[in-house]
Peer 1: 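Have a look at this one.
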Amino acid sequence: MASSHLSSFSSSIEKTHLVSAFPSQKLLYFFPKSLDNSSFYPKTSYSQSLSHTQKPSFKLSSKNPISELISSEQNPDEPFIDSDDDDKPREECGVVGIYGDPEASRLCYLALHAMQHRGQEGAGIVAVENGVLQSVTGVGLVSDVFSESKLDQLPGESAIGHVRYSTAGASMLKNVQPFVAGYRFGSVGVAHNGNLVNYLSLRTTLEESGSIFNTSSDTEVVLHLIATSKTRPFFLRIVEACERLKGAYSMVFITEDKLVAVRDPYGFRPLVMGRRSNGSIVFASETCALDLIEATYEREVNPGEVLVVDKSGVQSLCLLPHKDQKACIFEHIYFSLPNSVVFGRSVYESRHAFGEILATEAPVDCDVVIAVPDSGVVAALGYAEKAGVPFQQGLIRSHYVGRTFIEPSQKIRDFGVKLKLAPVRAVLEGKRVVVVDDSIVRGTTSSKIVRLIKEAGAKEVHMRIASPPIIGSCYYGVDTPNTEELISNRMTVEGIRNFIGSDSLAFLPITSLKKLLGHDSPNYCYACFSGEYPVLPNEVKVKRVGDFVDDGLNGSLELIDGGWVKAAKSN
């Protein structure tokens, strides 16, 4: 991903803590452990992404090694969600930040629209005018939360925005980001994509020092750390706060006169930078957001980097000594839109190649290739092209189904799936069908899809999955079920095939996935496939991904059922 001189330099970082990883753009040098103003030197600037040469060893186990530590309790206060709707991993959120545009809040609104797939249960925007931070947040889709009159309340040339998933409940609106807080030197807003694995210990320490929390979101911890820091200037408060964070975070901050973007040292979650023709700077979780607002993609925010944007321009500094990058591979498998470039790779090209690999390594005689829409479409196109078999729309997806619906009094089998997916009998009847999907999580939806296709007259149904088997939950900003619910953690491939009722089943081999990624392969996180976690929690319990039902004020955090996961003991 980067030039070799960067990788050789990064090998000395652990010894010196002096970081100079971006030699062609403005860069501030400093010692992260001694955050005083005397540690600054003249500015240089970035060139390309960081290079990481150390290859970790992964072994694919049939059982997640920490599965016995994951609690399977269900929060009784959480509303029932149809299992068909919850049978995919869910990205927690998307973030956007814009500096120097007179229509910043409206551009934020459009960018959040482009990233609606990353979060559909809450949205918010914070804008700055005349040194005052104004905020509008709400529950629902971006178009539900914002109107012309709401956007009129957000004037200014700088803004940040956020879309999110979460659990529902009375506390949900309180947990919708961006968060805004005032402290003795001004105000700051933050939008966060990721998940902190040391949230509880940080929160406990802060509460013992007098901090009062208003939400159950781990993002609020970051604001408290900034507010209690005594370091100057402001962006060094962010650096000092992030030194205490463990886990995944891609964040954008806004103050009266600055926009700051931060990415954790492992680079788990994506964050890119672009520029509009008027010179305004844009940060976003995906490049599809840049495309919509006509911003030109410039580069990723590098792992461990802080980018500070103000009237003097863009300044880059390194947050912490670099780790081996561990970007989330599921961005390419499922989360990101096909028209996005994520971690320097085209998502469309990745998924097309996944399908080609399946056609090469798991071929089967068939008459037609279809996809489970929408996330399986590109991989299915790759499979069909490689296999020389026609691709057709055998399943039609309804885009008008909400999260809740009224079920008829007379029980209809597979009602939830039938609302969303309708088989096309003319495509399927009498045919040997290959069905390509991006992943299998619990297996419940896959079994219903196979049954629907066979009921439509298919002679054979062969499932091809464009990812390796998922055996582990995620700590780093992906909402996955408890490990015991992951069907690949409990069954062999043949057992899963029998459970879903297909005539054959094949997953994308993890060795082939890594071979496709080539020299970038060590830079990705495969924890959900391998059970090997780059950052393990170091406390008794960690907060599960997704906020649980609690307002942060009433009751003890320890009493929230299902809100915590037991963690591995520290060595």
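All residue numbers in this chain count up from 1 along the given sequence.
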Peer 1: Please check if the side chain of Glu286 supplies one atom and the backbone of Leu337 the other of a donor-acceptor pair under 3.5 Å.
Peer 2: yes

Peer 1: More than 12 heavy atoms of other residues, nucleotides or ligands under 6.0 Å from CD of Glu429: yes or no?
Peer 2: yes

Peer 1: Mind checking side-chain hydrogen bond (donor to acceptor under 3.5 Å, both in side chains) for Glu294 and listing every partner two or more places apart, or none if nothing turns up?
Peer 2: none

Peer 1: If you measure from CD1 on Ile470 to CD1 on Ile333, what distance do you get to the nearest 0.5 Å?
Peer 2: 7.5 Å

Peer 1: I need the Glu305 CD to Asp264 CG distance, nearest 0.5 Å.
Peer 2: 12.5 Å

Peer 1: Answer yes or no: are there more than 12 heavy-atom neighbours, outside Glu349 itself, under 6.0 Å from its atom CD?
Peer 2: no

Peer 1: Find out whether Tyr348 and Leu381 are in side-chain contact, i.e. whether some heavy atom of one side chain is under 4.5 Å from a heavy atom of the other.
Peer 2: yes

Peer 1: Ignoring hydrogens, what is the shortest heavy-atom contact between Ala527 and Pro534? Give both atom names and the distance.
Peer 2: CB-CD, 4.4 Å

Peer 1: Using the side-chain contact (heavy atoms from CB on, under 4.5 Å) rule, pick out the option among Val433, Ile449, Ile370, Leu395 that qualifies with Pro423.
Peer 2: Leu395

Peer 1: Look at the aromatic rings of Phe146 and Tyr109 and report parallel, tilted or perpendicular, splitting at 30° and 60°.
Peer 2: perpendicular

Peer 1: Measuring from Tyr533:OH to Ser473:OG, what's the distance to the nearest 0.5 Å?
Peer 2: 5.5 Å

Peer 1: Looking at Arg263, Arg345, Arg269, which one forms a salt bridge (Lys or Arg N to Asp or Glu O under 4.0 Å) with Glu300?
Peer 2: Arg263

Peer 1: Using a 3.5 Å distance criterion without hydrogens, assess whether the side chain of Arg276 forms a donor-acceptor pair with backbone atoms of Ile293.
Peer 2: yes

Peer 1: Strictly distance-based, threshold 3.5 Å: is any side-chain N or O of Arg164 a donor or acceptor partner for the main-chain N or O of Asn175?
Peer 2: yes

Peer 1: Would you give the length of the straight line joining atom CZ of Phe283 to atom CE of Met251, rounded to the nearest 0.5 angstrom?
Peer 2: 13.5 Å

Peer 1: Between the side chain of Gln177 and the main-chain N/O of His192, is any donor-acceptor distance below 3.5 Å?
Peer 2: yes

Peer 1: Ignoring hydrogens and geometry, is there a side-chain-to-backbone donor-acceptor pair from Arg432 to Lys459 under 3.5 Å?
Peer 2: no

Peer 1: With a 4.5 Å cut-off on side-chain heavy atoms, are Ser467 and Asp438 touching?
Peer 2: no

Peer 1: How close do Ser446 and Ile500 get, heavy atom to heavy atom, and via which atoms?
Peer 2: CB-CG2, 3.9 Å

Peer 1: How long is the span from the NE2 atom in His352 to the OG atom in Ser350, to the nearest 0.5 Å?
Peer 2: 12.0 Å

Peer 1: Using a strict 4.0 Å threshold on nitrogen-to-oxygen distance, state whether Asp503 and Lys454 make a salt bridge.
Peer 2: yes

Peer 1: Using side-chain heavy atoms (C-beta onward) and a distance below 4.5 Å, is Ser488 in contact with Ile440?
Peer 2: no

Peer 1: For Arg464 and Ser504, test the side chains for any donor-to-acceptor distance below 3.5 angstrom and give the result as yes or no.
Peer 2: yes

Peer 1: Heavy atoms only: give me the nearest Val163-Gly119 pair and the separation to one decimal.
Peer 2: CB-O, 3.6 Å

Peer 1: Quick check: closest heavy atoms across Ala371 and Ala380, and the distance to 0.1 Å?
Peer 2: CB-CB, 3.6 Å

Peer 1: Sort out for me which residue in Leu112, Ile98, Val96 forms a side-chain contact (heavy atoms from CB on, under 4.5 Å) with Ile125.
Peer 2: Leu112

Peer 1: Taking the side chain as everything from C-beta on, heavy atoms only, tell me whether Ser143 gets closer than 4.5 Å to His113.
Peer 2: yes

Peer 1: Is there a donor-acceptor pair closer than 3.5 Å between any side-chain N or O of Thr287 and the backbone N or O of Leu290?
Peer 2: no

Peer 1: What orientation do Phe343 and His332 show, parallel under 30°, tilted 30 to 60°, or perpendicular over 60°?
Peer 2: tilted

Peer 1: Can a salt bridge be assigned to the pair Glu485 and Arg442 using a cut-off of 4.0 Å between side-chain N and carboxylate O?
Peer 2: yes

Peer 1: If we only count heavy atoms from C-beta on, is the Lys431 to Cys366 side-chain gap below 4.5 Å?
Peer 2: no

Peer 1: Closer than 3.5 angstrom, by distance alone: can the side chain of Thr483 be matched with the main-chain N or O of Gly472 as a donor-acceptor pair?
Peer 2: no

Peer 1: Take atom NZ of Lys386 as the centre, draw a 6.0 Å sphere, and report whether it contains more than 12 heavy atoms from other residues, nucleotides or ligands.
Peer 2: no

Peer 1: Quick one: does any side-chain atom of Lys515 pair with a main-chain N or O of Ile510 as donor and acceptor, under 3.5 Å?
Peer 2: no

Peer 1: Rounded to the nearest 0.5 Å, what separates atom CZ in Phe330 from atom CZ in Phe268?
Peer 2: 15.5 Å

Peer 1: Can you tell me if Tyr476 uses its side chain to pair, donor with acceptor, with the backbone of Val535 under 3.5 Å?
Peer 2: yes

Peer 1: Assign the ring pair Tyr526 / Tyr524 to parallel, tilted or perpendicular, where the plane angle (0 to 90°) is split at 30° and 60°.
Peer 2: tilted

Peer 1: Do Val461 and Val435 make a side-chain contact, defined as non-hydrogen atoms from C-beta onward lying under 4.5 Å apart?
Peer 2: yes

